[in-house]
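Quantities reported herein were computed from a predicted structural model and do not represent experimental measurements. Here is the naming used below: chain letters follow the sequence lines, and residue numbers restart at 1 for every chain.
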Number of protein chains: 2
Amino acid sequence: MKPIALHERIRAEIEAAILGGQLRPGDRIPKETELMAEYGCARMTVNKALSALAGNGMLERRKRAGSFVAQPRTQSMVLDVPDLAAAIAARGQSYRWDLTSRKISAPARAEAEALGVRAKVLSVTGVHFSEGLPLAFEERMINLALVPDIAEADLSQTPPGSWLIAHVPWTEAENRISATAAPVAVARALGIARGAPCLMLERRTWRGTDTVTRVRQHFVADRYELVARFGPGGN
Amino acid sequence: MKPIALHERIRAEIEAAILGGQLRPGDRIPKETELMAEYGCARMTVNKALSALAGNGMLERRKRAGSFVAQPRTQSMVLDVPDLAAAIAARGQSYRWDLTSRKISAPARAEAEALGVRAKVLSVTGVHFSEGLPLAFEERMINLALVPDIAEADLSQTPPGSWLIAHVPWTEAENRISATAAPVAVARALGIARGAPCLMLERRTWRGTDTVTRVRQHFVADRYELVARFGPGGN
DNA sequence: TAGTGGTCTAGACCACAGC
DNA sequence: CTGTGGTCTAGACCACTAA
């Protein structure tokens with residue numbers, strides 16, 4: 001038996017009461033001084049337990065009023081959007097990246113607005129393979145003003161996403177996930193029928209207010225899925 | 001100027017250093033006693049800041065070794081998986097739910113294994129409409145042993161997902177997102193061509209070790225996308 | 001084995017929102 | 001106004017593990 005920290009025990013017991021239905025949304029929880037007496041510990045210990053529950057969104061704490069069981073949460077989950085090379089390798093499968101085009105240019109007007117930059121841009125397309133089969137077609141634009149070093153990188157060996165993760169910190173990102181019918185160019189690159197269903201992932205990454213990169217990946221439907229998990233306490 | 005808590009300021013400064021690149025993955029962070037001296041505060045205050053960062057996965061803390069900037073960040077994003085009725089209403093669009101079937105039964109063998117329960121199960125199918133157009137076809141199974149009250153609910157008025165969110169707490173959930181070609185039954189329910197691309201969302205929700213519900217939603221490709229965001233500090 | 005984080009105490013003052 | 005949570009202190013002992 002490993003001894004469990006007291007604050008963790010308090011936290012777990014209250015959580016269990018909420019999940020088991022003994023405490024219902026809106027119910028009031030004993031005040032810190034009461035719990036402190038009940039468990040025979042210092043107030044900070046109780047506070048640590050309650051703060052953790054509040055941080056998880058299971059409690060709402062209001063000064064002068066007390067602590068209350070929160071309303072059922074919105075379903076927000078943690079989605080791990082992997083670096084493809086690493087993710088495939090982690091599954092024990094072989095990985096290969098085929099660079100199919102690489103171009104440096106000033107972005108066209110439409111692209112400039114989409115990227116939110118007027119600086120020069122590195123445009124790259126290529127295909128990710130897993131176990132020798134095409135998995136995803138990638139089109140990417142990279143802001144050279146923010147990431148000048150990537151112009152020197154050998155992107156035929158390292159997929160641009162892997163290079164960027166290793167070299168460029170970012171502050172914000174947005175992913176859009178949708179399903180589409182494969183356009184001709186994508187279908188040809190992936191060796192599937194035109195119009196076949198694809199999972200499309202569009203990601204845009206910022207550093208501060210500047211766009212770092214913008215990428216669109218078309219996945220062969222049968223060969224890929226995204227998994228998102230949520231558990232209280234982030235386990 | 002609202003005064004910011006000291007532990008929060010410490011947390012934010014270290015986080016900024018990590019995101020800004022001054023601290024790189026694997027770098028060691030000053031030990032608690034050093035930070036305590038630097039900020040002129042008690043050790044618990046520093047500890048609270050570092051514990052929060054460790055909880056966010058930005059730091060890894062090892063006894064006897066110290067605190068280190070966590071691994072090359074997996075792109076973890078917060079994916080909001082909305083209650084469809086609420087999400088559509090929030091966009092100012094009209095929403096309608098059509099219940100197409102409702103059945104209580106002991107699950108077949110395959111279903112029992114999939115659900116992880118042998119108790120009776122409520123099976124429901126229906127279609128979500130937005131602005132009068134079919135948006136998603138839903139197939140759902142609900143564990144009646146855990147949620148007996150839903151047998152009395154009027155699921156022709158309230159979609160089961162909305163009812164569950166309002167009434168049932170859960171401890172863990174998993175979402176799988178993929179693209180598929182619409183099967184015949186789905187295509188017919190949504191009024192699209194058989195084989196047309198669909199975004200498929202499969203969600204399974206647990207309370208403790210028991211499955212609460214399992215749902216599969218097929219979205220018409222052009223009419224829906226999922227958005228996941230990440231910002232430092234979870235904003 | 002020694003240094004680090006993990007935990008806990010018994011106080012304290014303050015801000016703020018309900019009463 | 002007063003009770004509640006928010007924050008902080010200056011100690012302390014322990015568990016674990018890396019050196």
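A donor-acceptor pair under 3.5 Å links the side-chain atoms of B/Glu131 to the main chain of B/Ser94, judged by distance alone. No donor-acceptor pair under 3.5 Å is formed between the side chain of B/Trp163 and the backbone N or O of B/Asp154. A donor-acceptor pair under 3.5 Å is formed between the side chain of B/Arg28 and the backbone N or O of B/Ala65.
Under the side-chain contact (heavy atoms from CB on, under 4.5 Å) test applied with B/Glu202, the options B/Glu139, B/Gln217, B/Arg216 reduce to a single match, B/Arg216.
Residues B/Tyr39 and B/Glu13 have side chains that bring a donor and an acceptor to within less than 3.5 angstrom of each other.
In this pair, A/Trp97 and A/His128 present their aromatic rings tilted. The plane angle is within the 30 to 60° band.
Atom C1' of nucleotide C/dA17 and atom CZ of A/Arg28 are separated by 13 Å, given to the nearest angstrom. Rounded to whole Å, atom P of C/dA17 lies 19 Å from atom NZ of A/Lys31. Atom C1' of nucleotide C/dT9 and atom OH of A/Tyr39 are separated by 18 Å, given to the nearest angstrom. Atom CG in A/Leu53 sits roughly 13 Å away from atom P in D/dG5 (whole-Å rounding). Separating the CZ atom of A/Phe68 from the C1' atom of C/dG18 is a distance of 10 Å, rounded to the nearest angstrom. Rounded to an integer number of Å, the gap from A/Arg64 CZ to C/dA17 P is 12 Å.
Residue B/Ser67 has a polar side-chain atom (N or O) positioned under 4.0 Å from OP1 or OP2 of C/dG5.
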Quick test: give all pairs of protein nitrogen or oxygen and nucleotides 6-8 of chain D nitrogen or oxygen below 3.5 Å, distance rounded to 0.1 Å.
from: D/dG6; atom 1: OP2; to: A/Arg61; atom 2: NH1; distance (Å): 2.7
from: D/dG6; atom 1: N7; to: A/Arg43; atom 2: NH2; distance (Å): 2.8
from: D/dG6; atom 1: O6; to: A/Arg43; atom 2: NH1; distance (Å): 3.1
from: D/dT7; atom 1: O4; to: A/Arg43; atom 2: NH1; distance (Å): 3.4
from: D/dC8; atom 1: OP1; to: B/Leu6; atom 2: N; distance (Å): 2.4
from: D/dC8; atom 1: OP2; to: B/His7; atom 2: N; distance (Å): 3.3

